[in-house]
Amino acid sequence: MSEASHIRILRDAIGEAARQVTGAEDIRVELTPPASADHGDLATPVAMTLAKAARRNPREIAGEIADRLREREDVIDVEVAGPGFINLRLSPRWFADSVADVVAAGEAYGADGAVPAERILLEYVSPNPTGPLHVGHARQAAYGDALGRILEFVGHTVTREAYVNDYGRQMEVFGAAVAAAYAELIGDEPVPPEDGYSGAYIAEVAARLHQEAGDRYRGQVSPPTGDTLDWFATRGGALMLADIQAVLERARVRIDSYFSETTLHREGLVQKGVEALVQGGHAVEREGALWFRSSEFGDEKDRVLVRANGVTTYLAADVAYHANKADRGVDRLIDVLGADHHGYIARLKALLAATGHDPEMLEVMIQQLVSLQERGESKRMSKRAGTLVTMEELLDDIGVDALRFFLVDRSHDTALDLDLDLAREQSQENPVYYVQYAHARCVNILAKAAAAADVADPVTPPGDLDPSERELVTTLLAWPAAVAEAAARRSPHRVAAYLRDLARDLHAFYHRCRVVGEAPEVQVFRVALTTATRDVLKGGLALLAVTAPDRM
RNA sequence: GCGCGCGUAGCUCAGUGGAUAGAGCGUUGGCCUCCGGAGCCAAAGGUCGAAGGUUCGAAUCCUUCCGCGCGUGCCA
């Protein structure tokens, strides 16, 4: 059930009235809470949207539509305002029916609204198993996972995948660094690689490998070569990847499959992909290297696939990987990448076009940089200075709920300043607790009302509604549109923003209206309203993988 | 230089053609015999970076300019 049925009936009625007045077909009726509550319960700008095609004054059209709506029982007042808005005030009966709709829909409320439903392959995080996940990965993970949940909720079929960059020189350097730490451990001469990896985690990996292999590699690691180097790189990488997966799991990030870059090379798919490009005339040799002619497909310039020394580039593997993904029978590919990869978009689209796919099937969602703020100051992060904050440290510091909420509370294309003091705060200032508290408050009220509450009964309309009740109901009715918008725009932050709005309306309602101990018809209505709010809060938080505690 | 992103309240940010531009934090002032005050109510605070243009209507679309970030490797 994507929309409560009584608001749909109303929307259809407005559409029909507009059709009668203007003759237009297929009218999309936007029906939202107005900017100010004293404009009514719901408002629509439909007359203004139709004015141009109808070549008529929007206020005139609005007036005629309004006349038709006035006859309806559920509408107690209609007025035309401003440039042509139609403002509606709805009956208590309509409010009661609408709340009952939401309660009846339960978990399905707002779900399955996507048209058409697509099969989507969503790639995010994509770690290098040469080091721990950092803050940037955390943002990609929180965004990607929330987006996946939202897309599924509105009816798409989603496969979540992470591409593991476990191939190439970086793995060798990593292996050499681990081997050097191992050498130090067993008293051999350590030969750390230049520009190598450092940090305590390298020593940890070395220690775990020492437990596994003992002193077997004594005399072979100063420096390691061949199979020995390969062993340190591969085994070390496997340990790192396991750690990475554990951190993601702890952060409630779901990934269906980890796709190994090495596999692509081992199975000859990279080679095959490159050859296909050559045969298609999309790759040419120049100055000893093999170039992908991506500029033919809108990229700024051509890109190297195979270097003069015969080694393939990262892009060559991506040809194979993206062609592979595009061939899996999906309608859409979504890549979540960091800000430093935005130059990559044109390349990826070009390689899809060159391999005979529609480049439009790929969407690349770029995540802007994250910086951490503490005591009013930005914490500078640098890999070299060793001040990089890992995702695991962040989880230890502020917890899963705060991390998940804060990282998706802002649009993905704006740089994010994560205020650690605020995130740690277990108080009113913290938006996570604000929303969670609203949920706990609903649960508490319902527990108190439990004896009297029978929401299965038809919800009876109260004599009149408090303004805070009207606002809470119209906000609840806006949920399907909000989550559909979040999905369509790939914008999980809209869900977070919606939940804050809903929590605010709930708190305001709580302070103005008592639920327990009121006249029976009032109590029944308010119990239903509280139930609906609880369910939407819980469902919305679940889309962000944030818990909805019953008590705090 | 070129490409992409961003410039909105003191700070962090919502708002991709509709009404008097919003929220959180911060500031100021109110509200606990009452379902949890982790809350509520109110006030102050804005030339939406600048200038043109399109439109009945522009923070939103177009053009130019200014500022910030990132990219612009035979790195990944």
- [ ] Indicate yes or no: does A:E300 engage A:R347 in a salt bridge with an N to O separation below 4.0 Å.
- [x] no
Open item on the list: Salt bridge or not between A:D550 and A:R534? Use side-chain N to carboxylate O under 4.0 Å.
Closed with: no
- [ ] Remember a base hit wins even if backbone is also touched, and classify A:A51 as base, sugar-phosphate or nothing at under 4.0 Å, heavy atoms.
- [x] nothing
- [ ] Determine the contact category for A:R551: base if any of its heavy atoms lies under 4.0 Å from a base atom, sugar-phosphate if only primed atoms, P, OP1 or OP2 are that close, otherwise nothing.
- [x] base
Open item on the list: Counting the atoms with a prime plus P, OP1 and OP2 as sugar-phosphate, which does A:T530 contact under 4.0 Å by heavy atoms, base, sugar-phosphate, or nothing?
Closed with: nothing
TODO: Look at the side chain of A:S491 and the backbone N and O of A:R494, then say whether any donor-acceptor pair between them is shorter than 3.5 Å.
DONE: no
- [ ] If the plane angle is over 60° it's perpendicular, under 30° parallel, otherwise tilted; pick one for A:Y163 and A:Y321.
- [x] parallel
TODO: Check whether the side chain of A:H511 and the base of B:G37 form a donor-acceptor pair under 3.5 Å.
DONE: no
Task: Electrostatic pair A:E469-A:R512, nearest N-O below 4.0 angstrom - done: no
Open item on the list: With the 90 degree cut-off around zero defining syn, does B:C32 come out syn or anti?
Closed with: syn
- [ ] Tell me whether the OP1 or OP2 atom of B:G73 has a side-chain N or O from A:Y314 closer than 4.0 Å.
- [x] no
Open item on the list: Checking A:L446 against A:T531 for the side chain to side chain contact (heavy atoms under 4.5 Å, CB included) test, could you report, in this order, the C-alpha distance in whole Å, the side-chain angles of both residues, the deciding distance, and whether it holds?
Closed with: CA-CA 7 Å; A:L446 293 171; A:T531 304; 3.5 Å; yes
TODO: Hunt down any stem RNA chain B takes part in, defined as 3 or more consecutive Watson-Crick or G-U pairs whose two distances are each under 3.5 Å.
DONE: B:1-7 with B:66-72, B:10-13 with B:22-25, B:27-31 with B:39-43, B:49-53 with B:61-65
Open item on the list: Just N and O in the side chain of A:Y434: are any of them under 4.0 Å from OP1 or OP2 of B:C40?
Closed with: yes
Open item on the list: Among B:G37, B:C35, B:A76, which nucleotide has an atom closest to any side-chain atom of A:R441?
Closed with: B:G37
TODO: Verify the stacking flag for A:H342 against B:G71: centroid separation must be under 5.5 angstrom and the ring planes must differ by under 30 degrees.
DONE: no
TODO: Look at the aromatic rings of A:H341 and A:Y344 and report parallel, tilted or perpendicular, splitting at 30° and 60°.
DONE: perpendicular
Open item on the list: Contact list please: residues 168-176 of chain A against RNA chain B, heavy atoms, distance less than 4.0 Å, in numerical order.
Closed with: A:Q170
Open item on the list: Would you say A:R307 places a side-chain N or O within less than 4.0 Å of OP1 or OP2 belonging to B:G73?
Closed with: no
Task: Phosphate-side-chain proximity, A:R494 and B:U16, N/O vs OP1/OP2 below 4.0 Å - done: yes
Task: Side-chain donor/acceptor of A:H507 to base of B:C40, under 3.5 Å - done: no
TODO: Counting heavy atoms from C-beta on, name the nucleotide in B:A14, B:C41, B:A76 closest to the side chain of A:A508.
DONE: B:C41
Open item on the list: Could you check whether A:D466 pairs with A:R470 (Lys NZ or Arg NE/NH1/NH2 to Asp/Glu carboxylate O, under 4.0 Å)?
Closed with: no
- [ ] Using heavy atoms to find the nearest nucleotide of RNA chain B for A:T49 and A:A440 separately, return the residue whose nucleotide is more 5′.
- [x] A:T49
TODO: Considering only NZ, NE, NH1 and NH2 on the basic side and carboxylate oxygens on the acidic side, decide whether A:R293 and A:D302 come within less than 4.0 Å.
DONE: no
Open item on the list: Counting only side-chain nitrogens and oxygens, does A:K301 get under 4.0 Å of the OP1 or OP2 atom of B:G73?
Closed with: yes
- [ ] May I ask you to say what A:A308 touches in the nucleic acid, namely base, sugar-phosphate or nothing, with a heavy-atom cut-off under 4.0 Å?
- [x] base
Task: Presence of A:R286 side-chain N/O under 4.0 Å of B:C74 phosphate oxygens OP1/OP2 - done: no
Open item on the list: Suppose we call a contact any N or O donor and acceptor under 3.5 Å apart; does that hold for the side chain of A:N87 and the base of B:A19?
Closed with: yes
Task: Sugar-phosphate only, base, or nothing, as touched by A:C513 at under 4.0 Å among non-hydrogen atoms - done: base
Open item on the list: Can you confirm whether the side chains of A:E471 and A:T474 place a donor and an acceptor under 3.5 Å from each other?
Closed with: no
